[in-house]
There are 2 protein chains.
Amino acid sequence: MSASDGNGESWAAMATAGLSRAGYRHGGARAAVIGLLDAQSCTMTAYEIEAALRDSGRSVGRASVYRILDELEEVGVVTKVELGRGQAGYEPARPEHHHHHIVCESCGRVQPFDDAGLEEAIGRVSADGGFEITGHEVILRGRCRDCR
Amino acid sequence: MSASDGNGESWAAMATAGLSRAGYRHGGARAAVIGLLDAQSCTMTAYEIEAALRDSGRSVGRASVYRILDELEEVGVVTKVELGRGQAGYEPARPEHHHHHIVCESCGRVQPFDDAGLEEAIGRVSADGGFEITGHEVILRGRCRDCR
DNA sequence: TTTTCTGCAAACTGTTTGCAAAGGC
DNA sequence: GCCTTTGCAAACAGTTTGCAGAAAA
């Protein structure tokens with residue numbers, strides 16, 4: 001019955017609860033990042049997050065953005081996605097909306113997708129090897145409609 | 001019946017042929033990188049490649065390593081894998097040994113795996129969206145036997 | 001009041017680029 | 001000999017770290 005069960009609560013509330021449970025305080029920069037992410041359904045890069053916060057009038061230092069995203073990921077409420085080209089995307093982890101990403105190689109646009117058969121296959125593979133699997137990532141690369 | 005059909009030829013021969021077909025010349029650094037990759041069955045990072053070549057007595061400048069890997073990828077004989085943490089791995093593309101990777105989050109070790117059901121699911125998804133899919137990547141993350 | 005958080009600027013890491021010298025054809 | 005390739009060093013982009021001041025508890 002912990003708050004992380006996510007029974008009806010907003011993601012933001014879950015994230016905040018997760019942080020305090022892990023011993024973090026509740027600062028303004030953290031609240032701003034959480035508030036922004038709560039409104040997203042797919043990934044944002046650290047740079048996009050920084051810019052969006054600045055535009056909204058509550059700017060947060062670059063270093064803080066990265067630190068906060070790290071903490072959120074560590075606590076398990078944010079998923080980090082390697083988008084390629086050395087960039088990472090971050091999105092709120094909503095297990096009920098688990099999905100993967102298609103990345104456009106020319107414009108960088110990211111589109112989510114999900115597939116039950118794919119998840120099933122991944123689950124099967126994860127159980128096999130000598131590894132203890134903690135996460136997985138599927139990235140499809142190609143060109144979006146606009147770029148071809 | 002082009003050389004890229006790979007009917008019996010070594011990967012190195014295919015890679016070399018691919019480069020000349022694309023109009024590249026046959027320099028010493030390229031031969032060294034191709035020779036090294038030919039002996040690999042899974043990914044190496046650019047840094048590992050640079051170090052291995054230096055240790056073997058035929059060192060190749062860092063910039064050349066990257067340039068050559070780019071060309072090989074462009075020509076389609078090398079696959080680039082985003083390993084996370086901003087690092088990329090490179091491996092010879094051998095369609096008959098298509099596989100994906102499990103990365104240990106603590107020591108960085110990479111282990112290959114493959115699964116027909118997984119490929120099938122990916123093929124199905126790729127056909128769906130508005131994207132023209134040119135490649136895909138599946139990465140499982142966890143801890144290897146030694147690191148747990 | 002004590003401890004953590006935050007922002008800034010500087011450092012770092014992997015990768016890319018500019019340019020002159022070396023090497024293929 | 002002409003043009004490509006190569007190596008070096010410097011530039012770059014995204015990310016991380018050190019530190020002093022601001023803010024939470």
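Everything quoted here is computed from the prediction, not taken from an experiment. Quick note on labels: first sequence line is chain A, next is B, and so on, each numbered from 1.
Taking atom OH on Tyr66(A) and atom C1' on dT13(C), their separation rounds to 13 Å, with Å as the unit. Between the CZ atom of Arg67(A) and the P atom of dG7(C) there is a distance of 8 Å, rounded to whole Å. Remark: C1' of dG14(C) and CG of Asp70(B) are 13 Å apart, rounded to the nearest angstrom. Whole-Å rounding puts the Tyr47(B) OH to dT13(C) P distance at 11 Å.
Using a 4.0 Å heavy-atom distance criterion, Thr45(A) is classed as making no nucleic acid contact. The residue Arg58(B) sits close only to the backbone: its heavy atoms come under 4.0 Å of sugar-phosphate atoms, none of a base.
Residues passing the salt bridge (Lys or Arg N to Asp or Glu O under 4.0 Å) test with Arg124(B), sequence neighbours excluded: Asp115(A). Shown here are the salt bridge (Lys or Arg N to Asp or Glu O under 4.0 Å) partners of Asp114(B), two or more places apart in sequence or in another chain: there are none. The salt bridge (Lys or Arg N to Asp or Glu O under 4.0 Å) search around Arg141(A) returns Glu137(B), not counting sequence neighbours. For Ser59(B), the side chain to side chain contact (heavy atoms under 4.5 Å, CB included) test picks out Arg54(B), with sequence neighbours left out. With sequence neighbours excluded, the residues forming a salt bridge (Lys or Arg N to Asp or Glu O under 4.0 Å) with Arg62(A) are Glu50(A), listed by chain and number.
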Show me, pair by pair, the donor-acceptor contacts under 3.5 angstrom made by side chains of residues 32-43 of chain A, not counting sequence neighbours?
{"residue": "Asp38(A)", "atom": "OD1", "partner": "Ala12(A)", "partner atom": "N", "Å": "3.2"}
{"residue": "Gln40(A)", "atom": "NE2", "partner": "Leu36(A)", "partner atom": "O", "Å": "3.2"}

Compile the donor-acceptor pairs under 3.5 Å between side chains in residues 102-112 of chain A and protein atoms, sequence neighbours left out, one pair per line.
{"residue": "Glu105(A)", "atom": "OE1", "partner": "Thr134(B)", "partner atom": "OG1", "Å": "3.2"}
{"residue": "Ser106(A)", "atom": "OG", "partner": "Arg143(A)", "partner atom": "NH1", "Å": "3.2"}

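No single ILVMFWY cluster, assembled from side-chain heavy atoms under 4.5 Å apart, contains both Tyr90(B) and Ile139(B).
Taking the C1' atoms of five terminal pairs at each end of the helix from dT1(C)-dA25(D) to dC25(C)-dG1(D), the two resulting helix axes are inclined by 30°, rounded to 10°.
Sorted by first and then second residue, the salt bridge (charged side-chain N to carboxylate O under 4.0 Å, His left out) pairs with a member in residues 63-83 of chain B read Arg30(B)-Glu71(B); sequence neighbours excluded.
Heavy-atom contacts from other residues, nucleotides or ligands closer than 6.0 Å to CZ of Arg145(B) number 12 or fewer. Within a 6.0 Å radius of NE2 in His97(A), other residues, nucleotides and ligands contribute 12 heavy atoms or fewer.
Of the residues in residues 22-39 of chain B, those with a non-hydrogen atom less than 4.0 angstrom from any atom of DNA chain C are Arg25(B), His26(B). Near DNA chain C, meaning a heavy atom under 4.0 Å from it, residues 80-89 of chain B has Gly86(B), Gln87(B), Ala88(B) in order of number.
Both Arg62(A) and Ala63(B) lie close to DNA chain C; mapped to their nearest nucleotides by heavy-atom distance, the more 5′-ward contact belongs to Arg62(A).
When DNA chain D is scanned in the 5' to 3' direction for atoms under 4.0 Å from non-hydrogen atoms of chain A, the outermost contacting nucleotides are dG14(D) to dA25(D).
In this pair, His98(B) and His136(B) present their aromatic rings perpendicular. The plane angle is above 60°, beyond the 30 to 60° band.
What you find for Leu72(A) and Ala15(A) is that their closest heavy atoms are CD2-CB, 4.3 Å.
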